[in-house]
Every structure is written in C-alpha cells, then in structure tokens.
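For clarity, every value in this text was computed on a predicted model and none was experimentally measured.
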Amino acid sequence: MRFLFIVTIFLGSALLFLAQPMAAKMILPRFGGSPAVWTTSVLFFQLLLLAGYWLAHRLSRLGGGLFGGLVLVAGISIALSSSVGVLDRGAGRIAVPESNEVVGVIWMLFALIGLAFLALSMCAPMIQNVYARLHGRESVSPYFLYAASNLGSLLTLSAYPFVIEPWLTLEGQAKLFQAGLVVLVFLLLAVALVGGRAARNVAAAVPAALSWKQRLTWLALAAVPSSLMLGLTSFATTNVAPVPLFWVIPLAVYLLTFVIAFSEKNRIASSFWARVLPLIVVPLAMIMILESSEPIFVILVIHGFAFAVAALMCHTRLSETKPPAANLTEFYLWLAIGGAVGGLFNAIIAPSIFSTLVEYPIAVVAACLLRPKTLESELVKDVLYAAFALAVTGAIAIVARLMDLPPGPTRTLLVIGLPVIAVFFFSRHAVRFALGIGAVFLAAHLAEVGTDSKILVADRSFFGVHRVLESRFGRYNLLAHGTTLHGIQDKENPLKPLTYYTTNSPIGEVFGAYEFENVGLVGLGVGSCATYGVPGQKMTFFEIDPVVINIAQNEELFTFLHDSKADIDIVKGDARLTLQKRPDNEFGLLVLDAFSSDAIPMHLLTREAMELYLRKVKEGGMVALHISNRMLDLEPIVAKVALDLGVVPLALEAAPNQKQFDEGMRPSIWMVIVRDRADADKLIGWRPAEPAQDTPLWTDDYSNILSAWSTD
C-alpha cells in the first residue's frame with residue numbers, strides 16, 4: 001500500500017514538471033523568447049498550484065466518506081482536460097492581449113494546459129490526506145510522500161533538457177504527457193478505493209488549532225526560496241553569463257532541498273544551515289555588488305551554493321514546524337501561498353517598481369532575516385548599526401570615486417571588502433546582520449560601485465534590464481544588457497558604426513558591396529546599422545522591446561537613427577508576428593540581429609522562421625544573421641535549416657586585431673542566406689557553411705538547445 005501511494009504521488013508530480021517547460025516552450029514564439037516568459041510561467045504555475053492546494057484543502061473538510069470519490073473526480077478531470085489544450089497545440093491561434101505581456105503569457109498558458117495542471121496540483125495533498133486517514137489518530141506521518149513528490153518533480157525536470165527535449169518534438173511531449181495522465185487515473189482509482197475503505201473503518205484525527213503567527217511563518221519560509229530561485233535565474237543569466245538552460249539548475253536545487261528537508265532520514269537541523277549562511281552571503285554580496293563574471297564557473301558555484309544553503313534553512317524549518325497530519329492540507333496551502341507570493345514579487349511587483357534586478361539582493365537579505373535568532377535582538381540598535389554601515393560604505397565609495405581610484409584589489413577591499421567584513425561580525429545577531437548586508441547593497445547601488453562608467457539610463461521592461469553607460473572619459477555611450485554589449489557610439493565621431501557593425505565587419509561588407517532599396521532589420525539595439533542608410537532607401541527596424549526603442553530614439557543618448565540618410569521606420573512587436581503582416585518580396589536585405597541577452601531567440605532560427613524570411617526577401621536578395629554567441633555554436637543550426645530549404649548559407653567570422661579593438665570593433669560571426677551563390681558574388685572571403693552530420697533540423701515543433709552548445 002505504501003508503494004502504491006509513493007508511485008502515484010511520484011507520477012503526478014513528474015507530470016506537473018513535464019507540463020511546465022513543455023507549455024512554456026510552446027508559447028515562446030508569441031513573446032520573443034524573453035527570459036521573463038519563464039519567470040511569468042513559473043508565477044502562473046505557482047498560482048494554479050495554490051488554487052489546487054486550496055481546492056484540496058476545502059474538499060478534505062467534506063469528510064472521509066466523500067474523499068476517496070473526490071480523488072477519482074480529480075483523475076477524471078485530468079483525463080478530460082488533457083485532450084482540450086496541449087494536444088491541440090493551438091498556441092498560434094489563441095488570441096492574447098498585446099498591451100500586457102504578463103497577462104498574455106498567463107492567459108495563453110491557461111488556455112493550453114490550465115485545467116490539466118489545476119487537477120494535477122490537487123493530487124499531492126489529497127493523496128497524502130488519504131494516507132493520513134488510513135491511520136486515523138495514529139501518529140503516522142505522511143510527509144515522506146512530500147519528499148517523493150518533489151523527487152518526481154526533480155527527476156522530470158532534470159530529464160527534460162537532456163532526454164525529453166532532445167528526443168521528442170512538442171507533439172511527442174504532449175502525447176507522453178497524456179499517456180502519463182491515463183496511467184495516473186488508474187493509480188488514483190486504486191488510491192480512491194483504499195481511501196474509501198479507510199474512511200469507513202478508521203476514525204479521522206481532529207485538526208489542531210493553528211496560530212496566525214505560525215501560518216505567516218510558513219508563508220515567509222516558502223516565499224523567500226521561491227523569490228531567490230527566480231531572482232538567481234534572472235541575475236545570473238543577465239549579469240554573470242547568459243548560460244542556456246541555466247533555469248534548470250536553480251529549480252533543481254529548489255526541489256532537491258525539499259526532498260532533503262522532508263526526508264525521513266534528514267538529520268541536519270535548520271540551525272546548522274543558519275550558521276553557514278553568513279559565511280557564504282559575505283562573498284556572495286561582494287561578487288554581486290562588483291558584478292563579477294569571471295571566472296564564470298566559480299561565480300556560479302558561489303551563487304548556487306548560497307541559494308542551496310538558504311533554501312535548505314527555510315525548507316528544513318518548514319519540515320521542523322510541520323503540523324499533525326490532520327492539518328496537512330492547510331500546511332501545504334500556506335506553502336503554496338508563500339510560493340505564489342515569491343513569484344508575484346519577482347514577476348509582477350519588482351519589474352514594476354525597480355529599474356534593475358534588485359529583487360535578488362532583497363531576497364538574499366530576507367533569507368538572512370529568517371535565520372533563527374541566536375541572540376536577543378534589539379531593533380533600535382540593529383537599525384542604527386545598519387544606518388552606520390550604509391553611511392560608511394557610501395562615504396568610502398564616494399571618496400574612492402573622487403580620488404579616481406582605479407579598479408583593482410585595493411579599491412575592492414576599501415569600498416566593499418571592509419564594510420562587508422565588518423557586517424559579518426554581527427552575524428550572531430540575525431536581524432542586525434541582515435540589515436547590515438542590506439545597507440551595504442543599498443550604498444553600493446546608490447554610489448554605482450559596480451561600474452567604472454557613469455550610468456546615464458537604467459530601465460527595465462518585460463524583455464530585460466538595459467543600461468546606457470558613459471565611459472570614464474565621456475567620449476563613448478554604451479548600451480548594455482547585463483554583460484552583453486548591444487551598441488556603442490563615439491560622440492566625437494557619431495557617424496562611425498562600432499562593435500559588430502564596423503565598416504570592416506561582415507555586415508559592413510554586405511552594406512558596402514550592395515545597394516538595397518528596402519532593408520528590414522530585426523532587432524534595433526542603438527540603431528548602428530542606420531549609419532549605412534543612403535538617400536532614397538527605406539530601413540524598417542522590427543523591435544519587440546519598448547525600452548530599447550526609447551533609448552535608440554533618444555538623441556541625447558544615441559543619434560544613429562536621427563543622423564541616418566535613409567527613411568527610418570520602427571515597427572514594435574515580435575519579428576515573426578510583425579513580419580507576417582508585411583508584403584512578400586518587400587526587402588532586398590533582411591538583417592536578423594535580435595538578441596535575448598546573448599542569444600538569438602530559438603523561435604527565430606527554425607525552418608518555419610527561415611521560410612518566412614525568404615518570402616519577405618525579393619529575388620536576388622539575402623538574409624543576414626548575426627550569430628555571435630559565447631555559449632552556442634549557431635552556424636550548423638542555421639546551415640542545416642538553409643540547406644533543408646534548398647538555399648545557400650555562407651559564413652564569415654571577424655576577429656579584430658588590437659588596433660581595431662581599441663577603435664571599437666568587437667569579434668562577431670555573421671551568416672548570409674541567398675537563393676543562389678551568384679547573389680552573393682561580391683562578398684569576399686565568405687565560406688560555405690556546413691552542418692555537422694548529427695546537427696538536428698530545428699522546427700517550431702522541435703528544437704534542442706544542447707545541440708548548439710559550443711565545445712570551444
């Protein structure tokens with residue numbers, strides 16, 4: 001019987017975590033492939049999980065006689081809903097509001113898989129409740145099933161990028177999902193029969209009275225790791241390295257900490273993790289403030305270890321304070337509320353009120369606040385210590401800037417090291433340490449310690465955080481998205497394109513060799529390519545991010561668009577959706593330069609996408625793609641798609657020498673796609689691009705990011 005319950009709850013949770021990446025991937029083409037799609041998707045699933053836990057809690061109060069039948073109803077609901085959304089794969093036909101991307105993501109996910117996910121989310125608390133009722137008033141804990149539930153989620157999550165996605169199309173994944181649901185229904189039937197028998201023969205335990213302090217503690221202990229998980233994902237992929245699939249790691253750690261915390265054999269108390277946390281938060285704070293990105297592996301390990309320790313502390317405290325089995329469904333309800341609160345903060349509240357990714361350091365400070373208090377706290381003294389840390393850190397940072405102290409170990413030690421080390425000596429005072437770390441974060445942010453450049457603009461949208469920086473000597477303005485540079489303008493020579501668009505770059509050679517009447521450009525950046533515009537030419541930029549449009553059009557920041565001799569038009573929206581509405585054979589050249597951090601969104605590189613581009617380019621024209629990337633080798637992917645369509649892919653890599661680098665040129669890799677090799681006869685040095693033998697064909701139904709991973 002124990003085995004039956006473990007298998008059932010394991011499968012139900014596994015299906016929950018198959019549904020999440022599968023459905024999120026289905027809707028990506030409608031929302032530009034933004035990392036925020038994942039954050040919003042997690043919020044949606046957290047809200048549905050909350051709804052499912054609430055329904056399970058309410059249904060459990062109806063009495064044991066009905067409970068077994070209610071599990072059966074949940075199984076039937078799963079079977080019915082699975083045939084409505086996912087297998088239909090109607091993502092392209094679902095109408096979504098264009099004014100708010102968050103609402104659009106949530107609505108589309110609900111239309112695709114909402115009912116199935118809601119029914120699945122009810123299963124875990126209901127199955128555990130049935131198990132508890134089997135033993136009535138006996139002191140038999142069902143919480144080991146929660147560990148089994150999270151283990152099922154963890155294994156599916158780990159298998160998705162490495163097994164499921166490489167081997168199955170989205171349609172195949174949907175069929176696997178439905179097959180799993182069918183098996184789950186039969187398992188739920190068995191659980192319902194056992195539960196019904198138990199309800200007749202065993203007296204149910206009476207729920208204990210719970211205080212609001214206890215409920216709110218559970219909420220906080222669940223909310224902080226949820227916010228940390230999402231904050232770490234956004235921060236690391238933006239400010240450290242745009243590592244594909246990085247979202248898998250924080251989520252896997254998050255689930256693993258639940259497995260460990262609720263394991264029957266867990267012997268490590270939350271107090272141990274609370275003592276370890278300050279030891280890792282101190283170096284974490286330093287690398288976050290300095291926006292360190294090298295060495296990447298070490299930096300990511302520190303982030304991941306800090307998150308794991310904080311999550312283990314919180315989740316172990318949840319396990320230590322879990323109520324009797326009779327209160328099980330309410331306990332899980334408050335955990336779900338906490339998870340949803342963390343998701344709401346990161347996906348909705350923080351982007352609305354902050355211009356940078358400050359939700360991550362806020363969550364770090366909140367985790368420190370949740371440490372058990374080893375010494376009595378005096379709030380007034382704690383606040384005064386934090387204010388002193390704020391003032392001292394800010395003063396040191398300002399003095400260092402006025403003295404023009406160059407970047408290096410000395411400045412780092414003075415500005416950040418000394419204040420953080422001083423705060424560490426408060427670590428036995430949980431509140432004082434947390435407020436002190438928060439004060440150092442705030443002072444460093446206000447004094448702009450993390451950059452040597454002056455920040456002219458910091459703005460944020462659904463698609464990312466963008467900063468316009470002025471170099472130390474005031475000559476150059478730069479647009480940066482985390483560690484990725486999207487354009488530079490030399491204010492002393494404003495008509496000279498820099499970075500990946502210089503006259504001796506591959507795209508510079510394309511513009512220099514041919515005259516195009518109409519040019520389409522997917523991805524605006526700062527408008528560098530507009531400098532190649534000539535009188536009588538029309539350049540149409542397609543840009544999904546309103547913040548990027550505002551920055552590029554602001555003549556106090558960048559003047560490429562204003563100074564262009566071509567007629568400039570900007571179309572807001574995702575490239576594939578907006579290009580669909582344009583007439584065929586419109587452009588002589590179509591430039592694909594759309595980036596999500598450091599990677600072209602995957603839906604812009606599929607066979608269907610390339611077919612669209614070729615329809616919009618007239619005979620004799622070409623499609624140019626900027627495929628530079630630190631983590632992915634995209635040339636074989638694009639070549640495979642092009643050859644499958646019967647067109648010619650060519651590639652050229654530009655590696656600037658030191659003089660060119662000093663003058664503003666940056667390494668880049670470009671490809672052009674032409675219908676006939678003669679259409680690119682003026683391009684010198686471009687080589688035919690060839691896919692590897694095992695390169696898969698990316699389509700809207702199948703793409704595997706691991707197949708593009710660079711081995712260099």
Side-chain angles (χ1 to χ4, degrees), residues 9 11-27 31 36-60 70-71 73-88 91 94 96 101-128 146 149-150 152-153 156-157 160 174 177-178 180-181 184 188 219 222-223 226-227 229-230 247 251 254-255 258 329-348:
I9 202 167
L11 178 59
S13 298
L15 291 174
L16 273 177
F17 273 78
L18 171 58
Q20 294 185 46
M22 176 181 66
K25 187 174 180 180
M26 285 179 176
I27 69 169
F31 298 97
V37 174
W38 174 244
T39 302
T40 308
S41 297
V42 171
L43 170 62
F44 167 79
F45 292 121
Q46 287 174 326
L47 292 174
L48 269 194
L49 188 71
L50 171 59
Y53 279 18
W54 180 82
L55 286 171
H57 175 62
R58 299 305 301 171
L59 292 174
S60 70
L70 292 172
V71 177
V73 169
I76 295 173
S77 300
I78 293 168
L80 291 175
S81 60
S82 68
S83 64
V84 175
V86 176
L87 290 183
D88 185 36
I94 298 173
V96 296
E101 290 85 2
V102 172
V103 174
V105 168
I106 290 174
W107 169 246
M108 182 172 284
L109 285 172
F110 184 81
L112 279 174
I113 202 169
L115 293 177
F117 194 91
L118 178 64
L120 276 171
S121 65
M122 296 170 62
C123 290
M126 293 174 77
I127 291 169
Q128 291 178 73
Y146 191 53
S149 170
N150 283 283
S153 302
T156 303
L157 173 71
Y160 189 84
F177 180 70
Q178 188 182 41
L181 291 173
L184 181 63
L188 287 172
L219 186 153
S226 172
S227 177
M229 174 188 66
L230 297 173
W247 60 269
L251 186 51
Y254 177 77
L255 294 171
F258 269 121
T329 55
E330 184 175 0
F331 174 65
Y332 288 136
L333 176 62
W334 284 102
L335 264 62
I337 293 173
V341 167
L344 280 169
F345 177 68
N346 283 65
I348 305 294

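- Contact of the Leu47 side chain with the Phe110 side chain is not registered, since no non-hydrogen atoms from C-beta on lie closer than 4.5 Å.
- Annotation for Phe345 and Ser227: closest pair CD2-OG, 3.7 Å, computed over non-hydrogen atoms.
- Evaluated for a side chain to side chain contact (heavy atoms under 4.5 Å, CB included) with Asn346, the options Leu43, Val341, Leu230, Val42 yield exactly one hit, Leu230.
- Atom CE of Met122 sits about 10.0 Å away from atom CH2 of Trp54, to the nearest 0.5 Å.
- The line from OH of Tyr332 to CD1 of Ile337 is 15.0 Å long, rounded to the nearest 0.5 Å.
- The two residues Ser226 and Gly339 make their nearest non-hydrogen contact at OG-O, 3.0 Å.
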| task | Assess whether side-chain contact (heavy atoms from CB on, under 4.5 Å) is satisfied between Val105 and Ser41, documenting all intermediate values. | result | CA-CA 7 Å; Val105 168; Ser41 297; 4.0 Å; yes
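- By the ring-ring contact (aromatic ring centres under 6.0 Å, His included) test, Phe258 is found to be paired with Tyr146, Tyr254, His315, residues two or more places apart in sequence or in another chain being considered.
- Within the 4.5 Å cutoff, no side-chain heavy atoms of Leu50 are placed close to those of Gln46.
- Listed by chain and residue number, nothing satisfies the ring-ring contact (aromatic ring centres under 6.0 Å, His included) test with Phe44 (two or more places apart in sequence, or in another chain).
- Put simply, CD1 on Ile9 and CD1 on Ile127 are 5.0 Å apart, with the number rounded to the nearest 0.5 Å.
- No side-chain donor-acceptor contact under 3.5 Å links Thr156 to the backbone of Ser153.
- Inter-residue side-chain proximity for Leu48 and Leu109 is flagged as unmet; no heavy-atom pair is nearer than 4.5 Å.
- The minimum heavy-atom distance between Tyr53 and Ser121, with the atom names listed, is CE1-O, 3.2 Å.
- Considering only heavy atoms from C-beta on, Phe117 comes within 4.5 Å of Leu16 through its side chain.
- Taking all atoms of both residues into account, the shortest heavy-atom contact from Cys123 to Leu188 is SG-CD1, 4.0 Å.
- The minimum heavy-atom distance between Gly52 and Leu118, with the atom names listed, is N-CD1, 3.5 Å.
- Atom-to-atom distance recorded for Leu333:CG and Leu55:CG is 10.0 Å, nearest 0.5 angstrom.
- Note that the CZ atom of Arg58 and the CD atom of Glu330 stand 10.0 Å from one another [nearest 0.5 Å].
- The minimum heavy-atom distance linking Ala19 with Ile113 is given by the pair CB-CD1, 3.3 Å.
- Within the model, atoms CG of Leu120 and CZ of Phe17 stand 11.5 Å from one another, a figure rounded to the nearest 0.5 Å.
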